[in-house]
Structures are given as structure tokens and as C-alpha cells.
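Atom set for the values below is all heavy atoms of this structure, side chains included, hydrogens, waters and symmetry mates excluded.
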Amino acid sequence: MEKPRRITLTPAAQRALEAAGRLFYERGIHAVGVDLIAAEAGVTKKTLYDRFGSKEQIVVEYLAGRDERWRAFLDRYLESAGPDAAARVLAVFDASRDWSAEHSRKGCAMVNAHAEISDPAHPAHPIVVGQKEWMLALFTGLVREIAPQRADALGRTLLLLHEGALVAHGFGTFPDAVDLARDQAAELLRNARSHS
């Protein structure tokens with residue numbers, strides 16, 4: 001998938017992006033206009049267009065930046081888990097629980113964005129889809145060490161548990177959704193080890 005074009009952020013553009021990110025996540029991408037972003041950031045609408053060129057580029061920067069922060073956050077958990085593949089899989093759920101508590105009370109920003117940006121021609125679409133493809137590859141690669149013949153199926157199942165937990169968390173369907181998914185993942189990994 002082709003990487004989207006990114007821009008270099010000036011201080012004013014950074015302020016605008018922080019305001020846009022907060023507004024997009026709280027209210028939805030389509031519900032937030034450039035006028036509101038400019039007002040919240042204390043910049044002019046002209047400054048926004050000079051820096052970003054379009055609202056679509058603001059959306060690209062918002063989602064790409066959020067994805068980069070998530071991956072850096074997750075990396076710390078994976079490193080702390082050590083070399084054991086099962087511990088690293090469970091560390092993904094631990095990271096998601098902590099990230100969700102701090103950054104995603106309304107659910108996964110990528111899932112939320114996909115509800116509004118389903119057109120593959122939108123420049124932010126590859127970021128949204130790319131993050132989920134990356135997560136699938138991560139899970140699949142980790143379980144390949146545990147059950148090489150079943151890695152693809154196990155990776156998909158872990159992704160379903162993970163993403164379902166994020167959606168349930170965002171809806172507030174029941175408490176501790178990510179912890180429950182982690183427990184289910186641990187059981188799946190125990191069974192995979194015993195049958196490999």
C-alpha cells in the first residue's frame with residue numbers, strides 16, 4: 001500500500017494538528033470543519049491552508065501521527081516482555097488496555113475513522129487500513145514461533161479478539177473488555193502450545 005504524503009510541521013501547524021486531533025476524535029472527522037480547527041488552534045484559516053493544503057491532509061497527519069505514537073507506545077511493552085512469543089502477544093493486550101485508558105476512551109481512532117473514511121481514494125485510507133494490516137502481521141509473526149502451521153489462523157483470531165475488545169471498550173459495552181480479550185488470548189496460546 002502506498003504511503004501517504006506527509007508534511008513538515010511548523011509550530012502553528014503543530015498547534016492546529018493538536019486541536020484537529022482532539023476535535024476529530026471527540027466529534028468525528030466529517031463533523032469538524034476547518035473554521036473550528038483554526039479557532040481552537042488560534043490560527044487563521046489561511047494559515048491552515050498554507051500549512052496543510054487541505055482538510056484531507058490534516059486528517060492524514062492526525063491519523064499518521066496517532067499511529068506512530070501507538071507503535072512507539074507498543075514497542076516499549078514488547079521490549080519489556082522479553083523474547084517469549086506468548087508474553088509478547090499478551091503485552092500487546094496490556095499496551096492496548098493502557099493506551100485505551102489514557103488515549104482512547106471513545107474506542108480505536110482508526111476504527112472510528114474508517115466509519116467515516118471508507119473510500120480507498122481518500123489519502124488517509126491507507127493509514128487506517130495499514131495499521132490493522134500491521135497489527136495482523138505482528139500477531140501472526142509472534143504466533144509463528146509458537147505454532148508455525150497454524151500461525152495465519154491464530155494471528156487472525158488474535159486480531160479479532162484485540163479489535164473486538166477495542167470496539168467493546170469504545171462502546172462501554174462491559175468493563176475490562178481488553179483484559180477479558182487478553183485472558184482469551186492467553187488460553188488460545190496455551191492450547192496452541194499444547195497442540196504444536
Side-chain angles (χ1 to χ4, degrees), residues 1-74 92-93 95-136 159-178 180-181:
M1 198 170 278
E2 189 176 317
K3 286 192 169 223
R5 179 182 70 83
R6 301 289 304 279
I7 64 168
T8 302
L9 296 173
T10 63
Q14 185 62 48
R15 275 198 322 277
L17 184 57
E18 287 166 9
R22 187 177 68 256
L23 292 164
F24 289 155
Y25 187 75
E26 291 294 325
R27 301 183 188 186
I29 291 167
H30 291 322
V32 174
V34 175
D35 289 326
L36 179 58
I37 295 168
E40 288 281 318
V43 299
T44 66
K45 194 169 157 182
K46 180 183 182 320
T47 298
L48 278 185
Y49 283 111
D50 286 348
R51 301 294 181 265
F52 293 95
S54 67
K55 180 182 172 184
E56 285 183 342
Q57 189 63 39
I58 301 172
V59 174
V60 165
E61 298 300 331
Y62 156 63
L63 292 171
R66 193 164 173 111
D67 184 42
E68 288 165 358
R69 288 189 305 279
W70 158 245
R71 291 185 196 209
F73 186 86
L74 176 57
V92 176
F93 288 88
S96 292
R97 178 197 58 228
D98 295 348
W99 174 271
S100 295
E102 188 177 338
H103 303 285
S104 297
R105 68 187 178 286
K106 294 182 76 170
C108 174
M110 297 300 163
V111 170
N112 297 348
H114 191 264
E116 298 189 74
I117 304 172
S118 57
D119 180 2
H122 191 289
H125 189 266
I127 299 165
V128 174
V129 174
Q131 189 198 68
K132 299 311 175 185
E133 290 173 346
W134 181 81
M135 290 297 297
L136 175 59
L159 184 70
L160 289 172
L161 281 170
H162 183 263
E163 297 303 310
L166 296 180
V167 170
H169 166 80
F171 276 104
T173 309
F174 53 86
D176 305 322
V178 180
L180 176 60

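When all heavy atoms of R15 and A41 are compared, the pair lying nearest together is NE-O, 3.4 Å. Contact detail for V43 and A16: the closest heavy-atom pair is CG2-CB, 4.4 Å. Residue R5 comes nearest to E61 through the heavy atom pair O-OE2, 4.1 Å, listed as atom of the first residue, atom of the second, then distance. The two residues W70 and S96 make their nearest non-hydrogen contact at CH2-OG, 3.3 Å. Considering every non-hydrogen atom in both L48 and I37, the closest pair reads CD1-CG2, 3.8 Å. In terms of heavy atoms, V128 sits closest to H114 at CG1-CB, 3.6 Å.
In this structure the side chain of W134 never reaches within 4.5 angstrom of the side chain of D67, judged on heavy atoms. Within the 4.5 Å cutoff, the side chain of Y49 has heavy atoms near those of the V34 side chain. Side-chain contact between L63 and M110 is present, with heavy atoms from C-beta onward closer than 4.5 Å. At least one side-chain heavy atom of R22 sits under 4.5 Å from a side-chain heavy atom of E40. For the pair R51 and L9, the minimum side-chain heavy-atom distance is 4.5 Å or more. Side-chain contact check for E26 versus R105: some heavy-atom pair is nearer than 4.5 Å.
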Start with the C-alpha gap between L166 and V111, add the side-chain angles, then the distance that decides, and say whether side chain to side chain contact (heavy atoms under 4.5 Å, CB included) holds. CA-CA 9 Å; L166 296 180; V111 170; 5.9 Å; no
For side chain to side chain contact (heavy atoms under 4.5 Å, CB included), just list the numbers for D119 and H125, CA-CA rounded to whole Å, side-chain angles, deciding distance to a tenth of an Å, and then say yes or no. CA-CA 7 Å; D119 180 2; H125 189 266; 5.9 Å; no
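Taking a cutoff of 4.0 Å between a charged side-chain nitrogen and a carboxylate oxygen, E68 and R6 qualify as a salt bridge.
A distance of 10.0 Å separates CG of D50 from OG1 of T10, quoted to the nearest 0.5 Å. Distance check: I117 CD1 to H122 NE2 gives 4.0 Å after rounding to the nearest 0.5 Å. Taking CD1 of I29 as the start and CD1 of I58 as the end, the distance is 11.5 Å to the nearest 0.5 Å.
R66 forms no cation-pi arrangement with F24, by the criterion of a distance under 6.0 Å to the ring centre and an angle within 45° of the ring axis.
Aromatic ring orientation, W99 versus F73: perpendicular (interplanar angle above 60°, classes split at 30° and 60°).
No side-chain donor-acceptor contact under 3.5 Å links Q57 to the backbone of F52. The closest donor-acceptor contact from the side chain of K106 to the backbone of R27 lies at 3.5 Å or more, if one exists at all. Side-chain N or O atoms of R97 include none that pairs as donor or acceptor with a backbone N or O of F93 at under 3.5 Å.
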